[in-house]
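Notes for the one structure printed next.
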Amino acid sequence: MIVADFRIMFGISPQNREIFPRNFLRSVHLRATYSSSPKCSEDRNRFKELFADTMPKVEDASSVKILIGNKGNTIEEDQNVHRLVLHSNDMQQEMVFSNEECSYGISGDGYKGFEEMRKQYQKALIFAQTCGVHVLNSLMLRKVNVLQFKAESQSTAFVPIHGATSQLVEPDLLMNYNHLSSINPYIKQSMQSLVLEDNGYELLVKYGFETIRRENESRSVDGIVVVDLTISKRQVAMDDIERELALFNDELFSAFRWTVTSHAINHILKNE
């Protein structure tokens with residue numbers, strides 16, 4: 001296992017890794033793009049065999065081309081480009097492989113930790129390398145975290161959503177709804193985003209909340225706080241993939257800790 005460099009990126013201090021007692025990741029997604037390599041389609045049966053034990057459900061179809069001409073647009077299959085989609089039996093894992101991209105996503109309880117996911121994904125990229133892919137045009141890791149909350153007012157007034165979510169998301173990152181008190185009881189969703197760039201890496205931090213259920217004239221509210229994190233880099237050599245993925249994972253953990261309050265982290269660690 002390769003450990004990423006312990007250094008500050010995006011102005012966010014590295015955080016010590018903790019093991020949380022429950023999983024609040026809604027999904028984890030890896031994606032790589034590369035210049036077209038026809039051999040990926042030619043050898044796709046071997047690719048299916050690599051993952052037959054874990055993702056036996058297979059969709060195999062030719063890609064579609066849209067041709068634009070003076071006589072109108074036509075749509076036809078490109079027999080030279082195939083798009084494989086592999087699924088696990090429980091449909092919680094999905095691998096997509098084609099001449100130009102390879103992605104791997106896991107949702108819900110199917111996620112057993114990043115190290116296991118990384119090994120599966122690197123196996124796919126090593127196969128792409130045998131098909132002539134030596135440099136990735138882009139490499140990306142996305143993690144969608146979902147934390148549930150319940151807020152109740154102790155008076156006859158509605159629950160101030162800003163107050164509830166500020167228990168989970170750092171208040172400095174949240175929009176102030178105090179001056180929007182007249183619409184507060186009606187807010188269904190609010191998402192904000194930051195895009196940070198550092199020496200060839202890009203970090204997208206999206207965060208906010210969605211109300212799921214309101215009762216008693218908005219004096220009792222159930223909802224979720226979403227922390228959606230994506231880190232990416234362009235032009236990644238195949239030999240650097242393992243190191244880059246380790247760095248990606250560490251940076252997203254630090255970004256999560258930077259976004260979520262210490263109060264919420266303590267509750268998570270206590271499994272409350």
Side-chain angles (χ1 to χ4, degrees), residues 2-18 20 23-34 101-107 111 113-115 117-118 121-122 125 135-147 149 161-162 165-177 189-210 224-238 240-266 268:
I2 292 180
V3 178
D5 297 335
F6 193 77
R7 59 192 178 94
I8 295 177
M9 289 182 66
F10 308 108
I12 299 173
S13 298
Q15 298 289 325
N16 293 326
R17 187 60 58 92
E18 292 144 336
F20 296 118
N23 185 5
F24 40 83
L25 277 166
R26 177 67 57 84
S27 64
V28 182
H29 190 76
L30 286 158
R31 183 172 184 263
T33 63
Y34 38 84
E101 73 166 296
C102 179
S103 67
Y104 181 33
I106 303 179
S107 60
Y111 183 72
F114 187 73
E115 186 64 16
M117 185 177 187
R118 180 194 63 78
Y121 190 58
Q122 278 194 250
L125 292 184
V135 177
L136 302 179
N137 293 335
S138 65
L139 181 64
M140 177 273 288
L141 170 63
R142 179 186 182 192
K143 292 187 176 184
V144 181
N145 303 271
V146 176
L147 299 90
F149 73 85
I161 297 299
H162 175 67
T165 53
S166 65
Q167 297 295 308
L168 298 174
V169 176
E170 286 293 342
D172 289 345
L173 295 176
L174 284 174
M175 175 180 175
N176 188 341
Y177 291 97
Q189 182 186 83
S190 175
M191 294 294 294
Q192 300 173 66
S193 65
L194 292 169
V195 179
L196 308 176
E197 195 172 38
D198 185 348
N199 197 30
Y201 296 87
E202 187 171 282
L203 175 66
L204 171 61
V205 183
K206 294 177 65 177
Y207 54 94
F209 68 86
E210 179 177 349
I224 57 172
V225 168
V226 179
V227 180
D228 185 347
L229 306 168
T230 302
I231 187 170
S232 60
K233 186 182 182 184
R234 297 185 182 277
Q235 299 300 309
V236 177
M238 282 294 192
D240 295 334
I241 287 172
E242 187 171 357
R243 180 180 63 83
E244 294 291 358
L245 289 178
L247 184 148
F248 280 13
N249 191 47
D250 285 347
E251 288 305 317
L252 289 196
F253 184 84
S254 295
F256 176 79
R257 289 297 309 270
W258 176 76
T259 306
V260 177
T261 64
S262 297
H263 173 78
I265 293 295
N266 289 336
I268 292 169

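Please read all numbers here as calculations on a predicted model, not as lab measurements.
The shortest side-chain heavy-atom distance between Ser193 and Leu204 falls under the 4.5 Å cut-off. Taking the side chain as every heavy atom from C-beta outward, Asn145 and Asp228 never approach each other to under 4.5 Å. Contact check for Met140 versus Thr230: side-chain heavy atoms found under the 4.5 Å cut-off. Thr259 has its side chain within reach of Val205: a pair of non-hydrogen atoms, C-beta onward, lies under 4.5 Å apart. When side chains are defined from C-beta on, Asn266 does not count as touching Thr261, because their heavy atoms never get closer than 4.5 Å. With a 4.5 Å cut-off on side-chain heavy atoms, Leu252 and Phe256 do not count as touching. Between Phe24 and Val146, every side-chain heavy-atom pair lies at or beyond the 4.5 Å cut-off.
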**Request:** For the pair Lys233 and Glu202, evaluate salt bridge (charged side-chain N to carboxylate O under 4.0 Å, His left out) and give the outcome as yes or no after the intermediate values.
**Result:** CA-CA 6 Å; Lys233 186 182 182 184; Glu202 187 171 282; over 6 Å; no
**Test log, rule side-chain contact (heavy atoms from CB on, under 4.5 Å), inputs Lys206 and Val226** = CA-CA 8 Å; Lys206 294 177 65 177; Val226 179; over 6 Å; no
**Request:** Evaluate the criterion side-chain contact (heavy atoms from CB on, under 4.5 Å) for residue pair Lys143 and Tyr111; output intermediate values, then yes/no.
**Result:** CA-CA 11 Å; Lys143 292 187 176 184; Tyr111 183 72; 3.8 Å; yes
**Item:** Evaluation steps, side-chain contact (heavy atoms from CB on, under 4.5 Å), between Tyr121 and Cys102
**Value:** CA-CA 9 Å; Tyr121 190 58; Cys102 179; 3.8 Å; yes
**Request:** Show your reasoning for whether side-chain contact (heavy atoms from CB on, under 4.5 Å) applies to Met238 and Leu136.
**Result:** CA-CA 7 Å; Met238 282 294 192; Leu136 302 179; 3.9 Å; yes
**Request:** Report the C-alpha distance between Glu244 and Tyr201 in whole Å, list the side-chain angles of each, state the deciding distance to 0.1 Å, and finish with yes or no for side-chain hydrogen bond (donor to acceptor under 3.5 Å, both in side chains).
**Result:** CA-CA 10 Å; Glu244 294 291 358; Tyr201 296 87; 2.8 Å; yes
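A distance of 10.0 Å separates OG in Ser254 from CG in Leu203, rounded to the nearest 0.5 Å. Separating the CG atom in Leu25 from the CZ atom in Phe114 is a distance of 11.5 Å, to the nearest 0.5 Å.
A side chain to side chain contact (heavy atoms under 4.5 Å, CB included) with Leu30 holds for exactly one of Arg142, Met117, Gln122, Arg118; it is Met117. The residue from Phe209, Phe149, Tyr207 that alone fulfils the side chain to side chain contact (heavy atoms under 4.5 Å, CB included) condition with Leu168 is Phe149.
Summarising the geometry of Ile231 relative to Glu251, their closest heavy-atom pair is CD1-CB, 3.7 Å, with the distance given to 0.1 Å. When all heavy atoms of Gly105 and His29 are compared, the closest pair comes out as CA-ND1, 3.8 Å. The nearest pair of heavy atoms linking Val135 to Tyr34 is O-CB, 3.9 Å.
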